[in-house]
Amino acid sequence: MNNTQKRSNFSGKLGFVLAAAGSAVGLGNMWRFPYLAAKHGGGIFLLVYLILAVTFGFGLMVTEIAIGRKTGLSAIGAYKKLNSKFSFLGYLSAIVPIIILPYYCVIGGWVMKYFGVYVSGAGHESAADGFFGGFVSKAGEPLLWFALFLGLTALVVLLGVDKGIEKVSKIMMPVLVLLSIGIAIFGMTRPGAMEGVKYYLLPDFQNFSVVTVLSAMGQLFYSMSLAMGIMITYGSYMKKDVNLESSVRHIEIFDTGIAFLAGLMIIPPLFSATASNPEQLDGLLKSGPSLMFVSLPKVFDGMPGITGDIVGALFFLLVIFAALTSSISLMEAIVSIIHDKFHIGRKTCCFITLGISIILGVPSSLGFGVLSFINPLGTAGGSILDFFDFISNNILMPIVALLTCILVGYVIKTKTISDEVEINGKFKGKKLFEVVVKYIAPVCIVAILVFSVLDVFFKLS
């Protein structure tokens with residue numbers, strides 16, 4: 001009990017919502033969501049995602065935050081406190097951020113590099129064929145950007161929950177929203193961009209498929225920081241007098257809103273850039289993960305005068321903010337887990353986490369160059385970073401989510417979670433929560449798990 005009493009807290013609902021929303025808003029929104037929306041039919045993907053966010057995503061996020069607040073512990077301790085037979089689930093959950101944080105910071109370093117390029121007025125260089133591949137295949141420079149991004153993340157976490165994470169979130173999140181709106185408006189006003197707006201907003205049911213649904217469900221985990229132990233950790237810092245259900249709704253609005261704006265920032269400009277050369281459009285829409293680092297610089301380069309450098313700099317600054325708020329939450333989850341497990345000081349926990357991140361991050365960065373001969377996925381292809389991404393996002397996260405649903409739905413029962421939510425009043429979404437956790441989510445998660453594994457080896461999408 002002493003550990004729970006001395007635990008840090010967010011100052012109130014606003015601090016919690018902004019920090020948790022900051023965790024959810026990251027590369028999953030700014031990078032992954034737009035390229036998935038572009039690839040899977042635009043409007044139909046957006047519609048499916050929105051439906052899943054207010055049902056599937058709501059149920060899982062309520063569950064994780066309530067588990068954290070009820071137990072006052074991070075993942076390992078929380079699952080053990082709920083049911084000792086499921087203590088192993090806490091360890092599985094803890095592994096996820098440990099794997100993700102290092103390679104996430106590698107990608108965050110890439111974003112900082114591109115920001116630096118545009119600030120220096122050299123945006124034209126980044127649009128050249130082979131620029132991105134040439135950069136990531138180097139040894140020294142990507143490691144320096146990785147170290148800088150990781151160092152900024154660690155600095156905020158070292159400052160603590162209220163003085164570090166909450167204060168940074170209160171600054172970054174409003175700026176992030178304003179930048180998103182501004183760049184989205186600019187993108188939509190480009191010549192020919194309205195065709196992209198139509199593609200993104202108007203559902204074409206001819207593009208609907210099982211792959212669309214499964215891709216949208218998989219994106220929810222990545223985008224909403226689910227099954228990573230993060231929401232459990234942040235829930236453990238949540239005061240009892242804060243309304244849990246409305247907080248989740250506000251987090252969803254922030255997260256989905258930023259993802260929506262990210263699509264508007266990226267997809268309409270693609271249509272504008274290819275207005276005079278339509279045959280290029282399909283290739284850009286289906287360029288996948290390379291959309292941000294390869295395709296977008298070409299779009300910025302096509303803008304007149306210094307406009308491209310200015311918009312490019314603002315865009316990558318926006319992505320840095322989004323990536324930092326998520327990397328901070330990933331590191332905080334690990335720090336909290338180590339602190340709860342071994343009862344050692346926060347600074348020591350931060351330095352241990354920093355060491356682990358360096359050990360795993362260096363090979364992730366070098367995997368595109370001097371270590372490119374290492375291919376853990378074998379014939380499926382991919383780098384060391386791709387392997388860590390596959391293990392965490394495609395395997396561990398669905399398994400953690402599935403077992404959490406089983407624990408809550410059939411072992412400790414949904415009433416345990418509902419009672420925690422109802423500390424602050426009526427749980428309006430109680431019936432939806434129960435149906436999602438007991439019936440819908442388990443089936444969907446199994447489908448995601450099977451599809452994700454098959455997709456890596458057989459390229460179903």
Side-chain angles (χ1 to χ4, degrees), residues 2-4 6-10 19 22-23 26-27 68 72-78 90-112 139-169 171-172 225 228-234 236-237 320-321 323-367 384-385 388 391-392 396:
N2 290 336
N3 188 45
T4 302
K6 294 179 181 178
R7 197 168 189 79
S8 299
N9 291 116
F10 292 113
S23 169
L27 289 173
L73 297 166
S74 53
I76 292 178
Y91 289 94
L92 277 182
S93 181
I95 292 171
V96 176
I98 291 172
I99 294 176
I100 292 178
L101 177 63
Y103 79 75
Y104 195 96
C105 288
V106 169
I107 300 172
W110 298 349
V111 177
M112 294 188 81
E141 191 180 0
L143 285 177
L144 287 175
W145 287 110
F146 157 68
L148 178 59
F149 189 88
L150 178 62
L152 285 173
T153 302
L155 178 62
V156 176
V157 175
L158 270 169
L159 292 173
V161 176
D162 53 345
K163 294 179 181 178
I165 298 171
E166 183 176 334
K167 282 191 175 180
V168 168
S169 297
I171 296 170
M172 282 190 175
S225 297
M228 302 181 189
I230 293 174
M231 289 303 166
I232 292 177
T233 299
Y234 276 20
S236 72
Y237 300 145
I320 287 172
F321 280 6
L324 271 173
T325 55
S326 287
S327 63
I328 288 165
S329 67
L330 285 164
M331 181 172 279
E332 178 60 31
I334 302 168
V335 167
S336 181
I337 286 166
I338 295 172
H339 172 73
D340 288 349
K341 180 65 179 176
F342 299 105
H343 305 292
I344 53 181
R346 183 178 186 84
K347 287 185 179 179
T348 304
C349 294
C350 285
F351 286 117
I352 291 172
T353 305
L354 198 60
I356 294 170
S357 299
I358 292 171
I359 291 170
L360 295 179
V362 168
S364 293
S365 180
L366 297 179
I384 296 171
L385 187 151
F388 285 137
I391 293 298
S392 57
L396 289 177

Would a 4.5 Å heavy-atom cut-off, applied to side chains only, mark Pro142 and Val106 as touching? no
Heavy atoms of Pro102 and Gly361 approach each other most closely as CB-N, 3.5 Å
Decide side chain to side chain contact (heavy atoms under 4.5 Å, CB included) for Ile76 and Tyr91; before the verdict, give the C-alpha distance in whole Å, the side-chain angles of both, and the deciding distance to 0.1 Å. CA-CA 6 Å; Ile76 292 178; Tyr91 289 94; 3.8 Å; yes
So which heavy atom on Cys105 is nearest to which on Ser327, and how close? SG-CB, 4.3 Å
Working for side chain to side chain contact (heavy atoms under 4.5 Å, CB included), residues Leu324 and Phe149: CA-CA 8 Å; Leu324 271 173; Phe149 189 88; 3.8 Å; yes
Check: Ser236 side chain, Thr233 main-chain N or O, donor-acceptor pair, under 3.5 Å: yes
From Ile352 atom CD1 to Ile334 atom CD1, the distance as rounded to the nearest 0.5 Å: 11.5 Å
Before giving the answer on side chain to side chain contact (heavy atoms under 4.5 Å, CB included), spell out for Leu101 and Thr353 the whole-Å C-alpha distance, their side-chain angles and the decisive distance to 0.1 Å. CA-CA 9 Å; Leu101 177 63; Thr353 305; 4.0 Å; yes
Interatomic distance, OG@Ser365 vs CD1@Ile358, rounded to 0.5 Å, equals 12.5 Å
State whether the side chain of Ser329 and the backbone N or O of Ser326 hold a donor-acceptor pair below 3.5 Å, judged by distance alone. yes
Indicate yes or no: at least one non-hydrogen side-chain atom of Val156 is less than 4.5 angstrom from one of Glu332. no
Pairwise distance OG(Ser225) to CD1(Ile232) - rounded to 0.5 angstrom: 12.0 Å
Between atom OG of Ser74 and atom CD1 of Ile230, what is the distance when rounded to the nearest 0.5 Å? 12.5 Å
Trace of the side chain to side chain contact (heavy atoms under 4.5 Å, CB included) decision for Phe146 with Ser364: CA-CA 10 Å; Phe146 157 68; Ser364 293; over 6 Å; no
Spacing of Ser357 atom OG and Leu150 atom CG [to the nearest 0.5 Å]: 5.0 Å
Parallel, tilted or perpendicular: rings of His339 and His343 (30°, 60°): perpendicular
Nearest heavy atoms of Trp145 and Gly109, plus distance in Å: CB-O, 3.3 Å
Which heavy atom of Ile98 sits nearest to which heavy atom of Ile356, and what is that distance? CG2-CG2, 3.9 Å
Going from CG on Leu155 to CG on Leu354, what distance comes out if it is rounded to the nearest 0.5 angstrom? 11.0 Å
Given side chains that start at C-beta, do those of Ile107 and Trp110 come closer than 4.5 Å, heavy atoms only? yes
Side-chain donor/acceptor of Tyr104 to backbone N/O of Leu27, under 3.5 Å: yes
